Amino acid sequence: MSTTVIDPVPTPVADTAAAPRSGRRLVGSPGTWLVWGLVAFFFVNLAGVVFSVLVSSLSVRWFGTWLPDGWTTHWYSDAWREFNLSSVLVVTAEVALSVVVVSVLIGLPASYVLARRTFPGKRLVMLLFLLPILIPPIAYGIPLATVLYKVHLAGSLTGVILANLVPSVPFVVLTMTPFIEQIDTKIESAARMCGASTAAVFFRVLGPLLIPGILAASILVLVRTVGMFELTFLTSGPTSETLVIVLFNNVLGAGIRAPQSVDAMAVVYTASMLVLLVVALRFINPTQLVTRLKDESTA
Amino acid sequence: MTAATGQPTATRPALRHRLAERGIDRALLLLVPGLIFIAVLFLYPFLYGVGLSFSPQQGGGPFANYRKFFDDPYLRNTLWTTFRLALPAALINVLASIPMAYKLRRPFRGKRTLTTLLVVPITLGTVLTAEGLLEYLAPAGWLNKTLLALHLIDQPIELVHNYWGVLFSLIITGFPFAFLLTMSYLSGIDPTLESAAATLGAGWRERFRFITLPLLAPGLAITFCLSFVLAFSVFPSAFLVGDPSGRTRVISIAAYHAALEQFDFSLGSTIAVIMTVAMLIVIAAVLAWRGTLYKGASGGKG
Amino acid sequence: MTVRARQFDELRLDGVSRSYGGHAALAGLDLTIGCGEFVALLGPSGCGKTTALNCVAGLLPLSGGSIWLDDKRIDGLPPERRDFGMVFQNYALFPHMSVRRNIAFGLRMHKVPKAERDRRVEEAISLVQLNEHAAKFPGQLSGGQQQRVAIARAVALQPPLVLMDEPLSNLDATLRLEMRTEIRRLHQTLGLTTVYVTHDQEEALSLADRLVVLRAGSVQQIGTPEEVYAHPANRYVAGFMGYRNMFELDVIESEQARVVLGGDGLKLRGVNCEAISSGRAVAAIRPEDFVVGKAIANRLEVGVEVVEYHGRDQSVQGRLRTGEAVHFRTDQRLAPGDDVTLSVPEERVLVFSPDTPPPPTEASG
């Protein structure tokens with residue numbers, strides 16, 4: 001019987017288990033209305049925030065009216081030229097992809113060990129991997145930037161990549177460790193009993209099983225790196241600014257440029273993030289986008 | 001447990017065998033790149049920063065920067081400003097998440113869409129949210145226009161370039177995070193426990209109070225910690241929708257200002273250290289409270 | 001609210017049904033349960049037995065039918081106001097409460113005064129012999145002990161009806177036997193009306209006063225263990241009750257009570273259970289009803305293939321010349337390759353219609 005199944009997918013089976021009469025209770029109780037009201041309130045405001053930017057980026061002029069006077073798309077081409085967006089996007093992609101590849105390469109072996117072995121000092125190692133996620137990026141970003149300035153890496157693309165790796169590697173470790181834990185160890189043992197060498201176990205058995213997890217972790221790191229403001233802000237120079245930094249600088253320096261132009265860039269940024277998000281959600285559950293810290297913190 | 005993970009070490013020398021028994025073998029080498037990375041790019045800079053904070057650029061003994069921070073009200077107040085923003089934001093986010101996650105924990109049509117939509121602000125990040133808030137909450141923005149049209153207010157209310165703008169941005173980015181986390185903790189609680197309580201005569205209030213809430217509390221502590229960390233490190237939105245030189249001059253702005261605008265890396269590091277310590281104190285307090293709670297299995301797969 | 005064991009005359013399920021998106025997990029269950037009765041709902045997973053139990057408990061809203069406790073219609077009441085006790089398959093003990101507080105929970109919810117509550121908790125604890133474990137938490141107990149706590153928690157309120165959802169399925173074989181006796185003992189000493197869900201026919205036969213055999217959401221047979229065991233209503237119930245051999249053959253001759261089947265070089269005479277007159281039919285025979293060697297009637301020539309040792313006898317799988325497998329038990333020493341002659345008394349051959357109800361689907365249990 002399925003009374004103990006906890007299944008995120010709303011199957012009828014899970015419904016049996018879940019039961020305390022959700023059917024009847026979802027209708028009409030004041031609590032339900034309150035909750036849905038809050039949800040609606042949140043989303044109305046969120047939509048307001050997002051659509052304000054979108055509408056503004058498409059407007060000819062927009063001063064104090066409900067909707068702008070006229071519509072145009074020329075701010076996009078303006079923004080593209082003015083902010084040199086093509087090179088900014090290239091930098092952003094370079095930074096994000098390098099961070100993804102390097103953090104998976106470093107993080108995956110570590111998470112394999114953390115998932116499969118118990119050894120003295122394991123808790124300390126876990127804590128080390130947790131700290132860069134727990135401590136505010138500004139707090140370690142400033143000393144990190146100081147060190148990078150000292151070794152003349154600050155302002156360069158390498159510096160930005162290195163700084164962004166600091167939270168990304170632990171993030172890969174924390175995402176992949178529970179993922180590897182849930183792969184049955186007996187699969188590896190079975191492969192060995194069938195005569196597979198260590199390399200064969202890794203590449204032929206474990207590898208294919210790990211691909212969904214690696215994809216999920218990669219996309220999460222990608223999203224976080226593209227959106228990461230603080231560390232990039234502290235370490236980037238004129239040639240290594242990512243999209244979010246350019247956006248910040250222009251929002252802060254409002255008045256120099258037409259606000260629509262900045263908004264057009266914001267829409268480009270939003271659109272690229274949403275594409276990543278849609279891709280991400282094909283592979284992972286929304287809760288994973290938040291964190292997988294849970295598994296560690298309750299351990 | 002070590003036996004289960006053991007390699008075929010029976011024929012190897014005794015020392016290796018003894019180490020393997022404690023779980024030490026060559027596989028641990030896989031950890032090395034990760035640890036070197038953390039040491040070089042995180043621990044070393046951080047400790048370097050701590051050292052730097054004790055050697056002020058203007059001289060005056062190792063603690064001069066710390067004295068300066070706490071003596072100078074302009075610097076000292078940034079700490080309280082940050083707390084005044086981060087604590088309410090984290091509390092609002094967590095407290096609003098509880099009833100909503102509780103109500104919405106069962107599978108229903110459109111749940112996936114809802115959670116997906118909630119992820120949007122997390123993905124957008126603080127900079128874009130701030131940019132949107134600037135226009136949405138502006139005196140001539142849609143929110144003020146709507147409130148005026150509904151005759152709820154007589155003149156536009158000031159919502160940006162002050163405390164409220166920053167608080168709103170912290171809620172918009174922080175609430176989905178807290179909600180999804182709370183939801184994932186809730187889904188870890190075996191639903192038959194509530195069914196069992198119901199057959200024993202507990203109405204929904206009792207079920208929530210005696211069963212769900214106690215089992216959820218440790219998760220809520222973690223959720224609060226993470227929400228607090230998120231809110232405490234508020235930086236770009238304090239710049240953009242706040243009043244970065246006045247009422248929302250948070251500690252990260254002070255640190256940034258000292259280090260990268262005045263190039264006083266020592267003072268910047270000092271502020272960063274103070275920021276870390278203050279945050280860790282709050283987390284330690286919450287985790288200490290969590291330590292007094294029941295934290296065992298909460299059902300889950302049986 | 002008083003929580004004394006309320007007596008009632010009967011609990012009546014009237015066409016109780018439950019469907020999920022058009023799929024009927026339980027289709028029109030009619031059942032009347034008398035006070036003090038022990039009723040087992042029996043069937044494989046997906047047959048709707050757990051759905052039925054959850055409907056009675058109030059954990060699932062019905063999609064049709066009604067439930068009556070004497071003259072009171074209860075299917076609209078939430079579970080907390082039905083005051084039934086329930087034992088869950090995974091025990092569902094509150095992990096953050098001690099054994100004592102787990103058992104006291106229902107009494108606390110019913111606002112039983114402290115003194116009486118304590119007394120009844122202690123009573124329940126000694127009833128299930130957990131006195132030295134009362135202060136422990138569920139996580140510190142063995143499976144069998146957890147099960148006892150779950151039972152004590154369900155009966156501490158002295159509910160009019162106790163519902164048990166496969167309570168023994170998570171226990172190992174020896175413990176299961178022990179707890180089975182324990183449940184029977186509790187039922188006899190407390191006189192609790194019990195509805196018990198299981199997929200284990202042996203468990204159901206040994207515990208229940210009455211069995212309800214379900215398949216794919218519909219009732220196949222309701223009867224005492226003797227009735228269901230000796231006179232299964234159809235081929236499906238027979239299969240569930242240990243009639244492991246099923247030969248589908250042509251009807252050669254049919255009278256009121258007896259029927260002769262033939263084909264494939266076989267000729268079997270048996271009891272006409274479903275008034276079959278012609279066409280195809282299924283002869284169902286238990287492995288233990290075959291006699292080896294003595295050719296009385298209903299002869300089968302079988303080549304031995306697999307022999308399993310079972311202590312007092314052996315379970316043998318053989319094959320007819322036509323290729324069909326035959327399962328039988330014997331105390332004779334047989335070896336693979338032996339040829340034996342089996343026979344079976346005609347009153348032990350039950351003949352059913354081959355038309356089976358729809359095959360069980362994997363739906364909710």
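Lettering of chains follows the sequences in order, A, B, ..., and the numbering in each one begins at 1. Scope of the values below: all heavy atoms of this structure, side chains included, with no hydrogens, waters or symmetry mates. The model shown is predicted, which means the values in this text are computed figures rather than measured ones.
The residue among Ala140(B), Gly49(B), Ala272(B), Ser269(B) with the most heavy atom pairs within less than 4.5 Å of chain A is Ala272(B). Between chain B and the options Leu46(A), Val169(A), Asn45(A), the largest number of non-hydrogen pairs under 4.5 Å is found for Asn45(A). Heavy-atom pairs under 4.5 Å with chain B were tallied for Ser111(A), Ser56(A), Pro136(A), Ser52(A); the largest tally goes to Ser52(A). Note: Thr146(A) leads Thr146(A), Val53(A), Val147(A) in heavy-atom pairs under 4.5 Å with chain B. Between chain B and the residues Leu144(A), Leu247(A), Leu114(A), the most heavy-atom pairs under 4.5 angstrom are made by Leu144(A). For the set Ala145(A), Ala110(A), Ser189(A), Gly141(A), the entry with the most heavy-atom pairs within less than 4.5 Å of chain B is Ala110(A). Most heavy-atom pairs under 4.5 Å with chain A: of the set Leu240(B), Leu29(B), Val229(B), Leu133(B), this distinction falls to Leu240(B). The most heavy-atom pairs under 4.5 Å with chain A, out of Phe46(B), Tyr102(B), Trp142(B), Tyr44(B), come from Trp142(B). The choice from Phe168(B), Phe232(B), Phe175(B) that makes the most heavy-atom pairs within less than 4.5 Å of chain A is Phe175(B). For the options Val50(B), Thr146(B), Val32(B), heavy-atom pairs under 4.5 Å to chain A are most numerous at Thr146(B).
To the nearest 0.5 Å, atoms CG (Leu280(B)) and CD1 (Ile135(A)) are separated by 5.5 Å. Annotation: the span from Leu165(A) atom CG to Ile38(B) atom CD1 amounts to 10.0 Å, rounded to 0.5 Å. Taking CD1 from Ile138(A) and CD1 from Ile251(B), the interatomic distance works out to 11.0 Å, rounded to the nearest 0.5 Å. Distance check, rounded to the nearest 0.5 Å: CD of Glu131(B) to OG of Ser57(A) gives 10.0 Å. The distance from atom CZ of Phe37(B) to atom OG of Ser168(A), rounded to the nearest 0.5 Å, is 7.5 Å. Residue Phe119(A) holds its CZ atom at 5.0 Å from CG of Leu31(B), rounded to the nearest 0.5 Å.
For chain A, no part of Ala39(B) is nearby; none of its heavy atoms comes within less than 4.5 Å. Residue Val226(A): no heavy atom, backbone or side chain, is found under 4.5 Å from chain B. Interface residue Leu41(B): backbone and side-chain heavy atoms are both found under 4.5 Å from chain A. For Leu47(B), no part lies near chain A; criterion is any non-hydrogen pair under 4.5 Å. Both the backbone and the side chain of Leu131(A) come within less than 4.5 Å of a heavy atom in chain B. Of the atoms belonging to Val113(A), it is side-chain heavy atoms, and not backbone ones, that fall under 4.5 Å from chain B. Neither the backbone nor the side chain of Leu108(A) has a heavy atom closer than 4.5 Å to any heavy atom of chain B. The parts of Val166(A) that come within reach of chain B are both its backbone and its side chain, each placing non-hydrogen atoms under 4.5 angstrom from that chain. When heavy atoms are compared at a cutoff of 4.5 Å, Phe51(A) approaches chain B by way of both its backbone and its side chain. Looking at Pro167(A), there are no atoms closer than 4.5 Å to chain B (heavy atoms on both sides), in backbone or side chain. For Met279(B), the part lying near chain A is the side chain, with the backbone staying farther off; criterion is any non-hydrogen pair under 4.5 Å. Proximity to chain A (any heavy atom under 4.5 Å) is restricted, for Leu52(B), to the side chain, taken from C-beta onward. Interface remark: Lys150(A) contributes side-chain atoms only to the contact with chain B (heavy atom separation under 4.5 Å). Contact annotation for Leu234(A): both backbone and side-chain heavy atoms come within less than 4.5 Å of a heavy atom of chain B. Both the backbone and the side chain of Tyr256(B) come within contact range of chain A, with heavy atoms under 4.5 Å apart.
Side chains of Pro33(B) and Pro109(A) form no contact here, defined as non-hydrogen atoms less than 4.5 Å apart. The shortest side-chain heavy-atom distance between Pro236(B) and Phe233(A) does not fall under the 4.5 Å cut-off. Contact check for Leu43(B) versus Leu128(A): side-chain heavy atoms found under the 4.5 Å cut-off.
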request  = Let me see the working for Val50(A) and Tyr136(B) under side chain to side chain contact (heavy atoms under 4.5 Å, CB included), right down to the final yes or no.
outcome  = CA-CA 9 Å; Val50(A) 174; Tyr136(B) 176 64; over 6 Å; no
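Contact between Thr276(B) and Ala139(A) at its shortest, heavy atoms only, is OG1-CB, 3.3 Å. Across Ile171(B) and Phe42(A), no two heavy atoms sit closer than the pair O-CE1, 4.1 Å. In plain terms, the two heavy atoms of Ala259(B) and Ile142(A) that are nearest each other are CB-CG2, 3.6 Å.
Qualifying side-chain hydrogen bond (donor to acceptor under 3.5 Å, both in side chains) partners for Tyr112(A), counting only residues two or more places apart in sequence or in other chains: Glu188(A).
Checked against the 6.0 Å centroid threshold, Phe239(B) and Phe248(A) count as a close aromatic pair.
Below 30°, between 30° and 60°, or above 60°: for Tyr140(A) and Phe42(B) the angle between ring planes is above 60°, a perpendicular geometry.
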